[in-house]
Amino acid sequence: MPRRFLVVRAGEHFDLVESPAPSEHHLQEVMKMNPQLIPSDDLGLDGDLLVIGRETSLASGSIDLLCLASSGDVVLVEFKTGPQNPDFRHALAQLIDYGSDLWQMSLDDFDRGVVQRFLRGGHAPEHLAGCHDLRDAIGRAGWALDPEATDALLERLADVLQSGDFHFVVAAQRFTETMRDSLEYLNSTMRVGRFFLVEIVQLSGAELTAHAAQVVASPPRRTTATRASQGKTDEVAFLSSLEDSAYRDAFRDFLAGCSALGLALEWGSKGLSIRIQTPDRNLPLSIAWGLPDGVSWQGLKYLAVGIDRTSLARTPSVAAAAERYLAAIEAIPLGRVPNSAISARLFDASAAPAAVPAIIDAITALVEEVNETE
């Protein structure tokens, strides 16, 4: 049975009904020209994606869409061109081939050989006109990153290229259960890389045509416990990098407290972020960060506790709880205000040992409030 959507505009009601697209090629073109349709939140990514390749030639062929997330993650999109299982297997195999083409590519080779060719070619969108390289394109993405944050993104991208931990997306009008089973097998057995199925639908009615996309199959959500993969640090390596023993013990207590509360510990190439699941989005909200001595990220250092208000704006159901959390953190003695767009307090080796119990209390209160909203 086709799905129906009610659209209300200026007091007028429009009834749109799901209808077959003229062809799979038509839907491909719609998404290629409107990549914001890709549901990045459901891919576990924050904000709109930046297209850095469209029908871009790699060693194994031409990839339909190549995108970059503000986190430095890479998204490869291939469109299934027919309704049968062989068409799906072909699209999936192509994605894996393209991933192997990009795997272990240096950041400079990726920029020069992939991104800059796209920017010079005929498929680059108008808002990227005049961009010469990847850094220029990132500046036009609307992510409002300062130079330090851009450096951190590029460092993360270099790690992703080395590890091959890409987001692989097959897009089509419909997928069968057999196709979903194949995806589940890959996500359960692959050491790196995540696979998603995205359905694209066309809606028609009242002389209007609309399109929508949704993730219909994805990897299991990674929530609690520590997660690290190739190219990333882990708890043992991170703690061993902290020279001050009292600071190291305080950080160990902090991580144990966060794990006990069911929070996600997301490890990067140098440090980690502590994330909480919210009712509004599939992508968790970061509420704290840990960085080794001598390392900063977007102005954050040491044990940084707070919230990025840009991300918070996308999770309105927990806004009040988040504000109370920030107020509690700001009241903890010895916390320093960072030179950062993120609302946070920094606790270094001299401050963290005394502050961690109060930080855990504030996080506990936040978790309890967020759980009550679900």
Side-chain angles (χ1 to χ4, degrees), residues 27-28 30-54 63-80 88 91-92 94-96 98-99 102-103 138 141-143 145 153 156-157 159-161 163-175 179-180 182-188 190-201 211-223 227 229 231-232 264 266-268 273 275-286 308 310-311 313-315:
L27 291 180
Q28 291 179 34
V30 167
M31 182 167 279
K32 287 178 184 178
M33 296 303 295
N34 301 276
Q36 68 273 18
L37 283 174
I38 300 173
S40 55
D41 282 2
D42 291 340
L43 301 183
L45 304 172
D46 198 8
D48 288 339
L49 301 176
L50 172 66
V51 176
I52 53 175
R54 179 186 169 198
I63 185 169
D64 287 338
L65 274 181
L66 179 64
C67 303
L68 179 67
S70 61
S71 58
D73 286 292
V74 175
V75 181
L76 295 83
V77 183
E78 189 70 13
F79 295 94
K80 184 172 73 70
F88 169 72
L92 201 56
Q94 283 182 307
L95 279 176
I96 295 173
Y98 299 148
L102 298 176
W103 178 48
I138 290 171
W143 295 329
L145 302 180
L153 186 159
R156 161 70 175 152
L157 172 58
D159 290 340
V160 170
L161 291 170
S163 68
D165 192 13
F166 305 129
H167 288 60
F168 298 99
V169 175
V170 180
Q173 286 193 81
R174 284 286 181 270
F175 294 99
M179 297 172 187
R180 298 185 192 212
S182 298
L183 196 87
E184 182 179 359
Y185 170 76
L186 285 173
N187 281 322
S188 298
M190 294 282 284
R191 185 172 58 86
V192 294
R194 281 160 273 192
F195 293 82
F196 302 82
L197 300 182
V198 173
E199 282 188 350
I200 319 164
V201 297
H211 297 89
Q214 64 176 346
V215 171
V216 296
S218 60
R221 181 180 296 166
R222 296 161 176 173
T223 54
R227 180 167 68 90
S229 64
K232 299 183 180 182
E266 184 77 16
W267 293 97
S273 62
R275 302 182 180 186
I276 184 171
Q277 198 67 45
T278 67
D280 307 274
R281 309 174 66 207
N282 286 336
L283 184 65
L285 178 67
S286 293
D308 179 1
T310 302
S311 298
R314 303 187 183 102
T315 57

Going through the checks in order, is the side-chain contact (heavy atoms from CB on, under 4.5 Å) test met by Ile96 and Phe168? CA-CA 8 Å; Ile96 295 173; Phe168 298 99; 5.5 Å; no
Atom [atom1] of [X] and atom [atom2] of [Y]: how far apart are they, to the nearest 0.5 Å?
X      : Y      : atom1 : atom2 : value
Ser286 : Asp308 : OG    : CG    : 8.0 Å
Ile63  : Tyr98  : CD1   : OH    : 7.0 Å
Glu184 : Leu197 : CD    : CG    : 11.0 Å
Ser163 : Trp103 : OG    : CH2   : 10.0 Å
Ser70  : Leu50  : OG    : CG    : 10.0 Å

For [X] and [Y], work out which heavy atoms get closest and say how close.
X      : Y      : result
Ala213 : Val198 : CB-CG1, 3.9 Å
Phe79  : Leu65  : CZ-CD1, 4.4 Å
Asp46  : Ser311 : OD2-OG, 3.1 Å
Asp64  : Val77  : CB-O, 3.3 Å
Glu199 : Phe175 : OE2-N, 3.4 Å
Ser71  : Arg156 : O-CG, 2.7 Å

Just so I know, are the side chains of [X] and [Y] near enough to count as touching, which here means a heavy-atom distance under 4.5 Å?
X      : Y      : value
Asp73  : Phe166 : no
Leu49  : Pro35  : no
Ile138 : Leu68  : yes
Val201 : Arg174 : yes
Leu102 : Leu66  : yes
Pro284 : Ile276 : no
Phe196 : Asp42  : no

Working note: Val216 + Arg180, criterion side-chain contact (heavy atoms from CB on, under 4.5 Å); need CA distance, chi angles, decisive distance, verdict. CA-CA 8 Å; Val216 296; Arg180 298 185 192 212; 4.0 Å; yes
Where the side chain of His167 meets the backbone of Leu43, is there a donor-acceptor pair that is under 3.5 Å apart?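 Yes, because the side chain of His167 sits within donor-acceptor range (under 3.5 Å) of the backbone of Leu43.
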With a 3.5 Å distance limit and no angle check, can you tell me whether Asp165 reaches the backbone of Val192 through a side-chain donor-acceptor pair?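 Not a single qualifying donor-acceptor pair exists.
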For Val30 and Ile200: C-alpha separation, side-chain torsions, deciding distance, then whether side-chain contact (heavy atoms from CB on, under 4.5 Å) applies. CA-CA 9 Å; Val30 167; Ile200 319 164; 5.7 Å; no
Kindly determine whether Ile38 and Met31 satisfy side-chain contact (heavy atoms from CB on, under 4.5 Å), including the steps that lead there. CA-CA 8 Å; Ile38 300 173; Met31 182 167 279; 3.9 Å; yes
